[in-house]
Amino acid sequence: MRRVVIAGGGPAGAAAAITLARAGHAPLLLERSATTQEKVCGEFLGADAAAALAALGLDLRGLGAVPVRRAIFASGRREGRFALPFEAWSLPRLVLDEALLALAAESGAEIRRGVAVASAGRVDGGWSLRLGDGRAEAARAVVLATGKHELRGLARAAAGGAIGLKLPLDGVPIGDAIAVLACAGGYAGLQPRAGGGANLCLALGAGTPGLAAAARDPAALLALVAGGSAVARDLLRDAVPGWARPLAVAAVPYGYVAPPDSGVFRVGDQAAVIPSLCGDGIAMALASGAHATRMILAGRGPAAHQAGWGRHVRPGMRVAGLLDAAIGAAPGAVALAAGWLPGVARWAALRTRLGTPGA
Ligand SMILES: Cc1cc2nc3c(=O)[nH]c(=O)nc-3n(C[C@H](O)[C@H](O)[C@H](O)COP(=O)(O)OP(=O)(O)OC[C@H]3O[C@@H](n4cnc5c(N)ncnc54)[C@H](O)[C@@H]3O)c2cc1C
């Protein structure tokens with residue numbers, strides 16, 4: 001009998017694989033990379049991500065995650081600080097993604113790494129997938145978990161968007177805080193990294209002056225972020241880049257929510273893309289993977305999955321979108337508000353956690 005095939009082995013695909021396998025469905029997961037790769041990501045995990053991972057059986061502390069307890073907003077000479085209203089963590093994607101795929105295999109999913117899905121087309125009663133190695137795979141249903149990568153014939157109708165950059169750093173006294181640092185073209189996130197050092201990650205508008213240089217040259221990136229606030233200047237004064245050049249990703253379609261029309265179960269960034277630092281994409285990826293599984297087990301189709309997931313995320317995505325726009329338009333006011341009204345900042349942080357496992 002044809003089985004469910006999952007395209008993509010990030011958090012969304014792995015969560016779908018684990019939950020389907022545990023329900024006795026023995027899915028096949030195809031991941032194009034032979035080994036786990038670095039991804040442009042702040043690596044911040046909020047309480048919803050932690051709960052979803054615990055529900056799957058992963059212990060963040062055991063994996064070496066470090067706690068994040070405080071938030072700092074900074075712009076120019078202004079800054080606001082508040083305690084996070086939930087327990088949060090930082091864990092490298094290399095560790096998280098590998099642990100999730102290992103758990104999927106242990107749970108009974110078949111994992112094939114180094115195999116890309118090239119395209120997917122409908123056939124009688126299911127799908128036929130063409131693989132990068134030239135073979136074909138038949139599927140009863142397809143879970144599309146390819147993150148920001150589009151599959152031929154099934155591309156998201158999304159207008160994007162932002163340019164994302166990531167750079168690990170040493171010599172940054174960030175402590176147990178996540179700092180949201182306004183800079184030209186948007187804002188950057190800086191937070192501690194498990195094993196020492198810090199992770200600098202940002203998403204900027206494509207036309208930002210200096211962006212091309214920042215994407216090539218760590219010194220230019222540090223100068224761009226340090227130029228945005230006194231806090232950033234202080235934090236980055238002795239920063240030592242861990243890579244020769246930042247990792248970059250283009251055309252991130254913030255605000256996208258998939259309509260229920262494609263015939264596949266879209267999960268993770270294929271289902272919705274929340275502005276970074278205003279919400280947790282990983283938590284949403286995990287929860288959407290589990291949502292797709294529940295729909296498949298209930299005999300419901302992709303349209304019901306997409307409609308249900310869209311209803312769940314839209315209100316919080318609106319708050320995240322407003323927050324993103326406010327930081328972009330008036331970063332100084334947001335920094336002041338975060339300091340003066342920590343209750344409002346904590347409310348916004350809670351309203352944008354959309355990865356509740358039960359969703
Ligand atoms: C600048 C920035 C900062 C961010 N910071 C955070 C943060 O701090 N915390 C947070 O929670 N989220 C953050 N996110 C969002 C988060 O990274 C994503 O939401 C999350 O990775 C989505 O998971 P996913 O499984 O959908 O996709 P991915 O993690 O991208 O995984 C997709 C997988 O599919 C594979 N794949 C792609 N195409 C194919 C194919 N054709 N065949 C087979 N396999 C394929 C890829 O190799 C990849 O492993 C950030 C995003 C950006 C851009």
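Both backbone and side-chain heavy atoms feed into the values below; hydrogens, waters and symmetry mates do not. All residue numbers in this chain count up from 1 along the given sequence. This one's a predicted model, so the numbers in the text were calculated from it and none came from an experiment. Every number for a ligand or one of its atoms is a count from 1 in the order of the listing.
At a heavy-atom cutoff of 4.0 Å, ligand 1 is surrounded by G8, G9, G10, P11, A12, L30, E31, R32, S33, K39, V40, C41, G42, E43, F44, R93, V115, A116, V117, A145, T146, G147, H149, L151, C201, L202, Y254, G268, D269, S276, D280, G281, I282, A285.
Counting only distance, with no hydrogens or angles, the side chain of E150 and the backbone of R156 share a donor-acceptor pair below 3.5 Å.
Residue pairs meeting the salt bridge (Lys or Arg N to Asp or Glu O under 4.0 Å) criterion with at least one member in residues 84-93, sequence neighbours excluded, are R93-D97.
Hydrophobic clustering of Ile, Leu, Val, Met, Phe, Trp and Tyr side chains at less than 4.5 Å, counting indirect connections, keeps V267 apart from I274.
Relative ring orientation between F73 and F82 is described as parallel, the plane-to-plane angle staying below 30° on a 0-90° scale split at 30° and 60°.
The other members of the hydrophobic cluster of L28, by chain and number, are V5, L30, V115, V117, W127, L129, L131, V142, L144, L151, L154, V264 (side-chain heavy atoms under 4.5 Å, ILVMFWY only).
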Please tabulate, for the side chains in residues 17-24, all donor-acceptor contacts under 3.5 angstrom to protein atoms that are two or more places apart in sequence or on a different chain.
from	atom 1	to	atom 2	distance (Å)
T19	OG1	A15	O	2.7
T19	OG1	A16	O	3.2
T19	OG1	T293	OG1	2.7
R22	NE	S107	OG	3.4
R22	NH1	L56	O	2.9
R22	NH2	L56	O	2.9

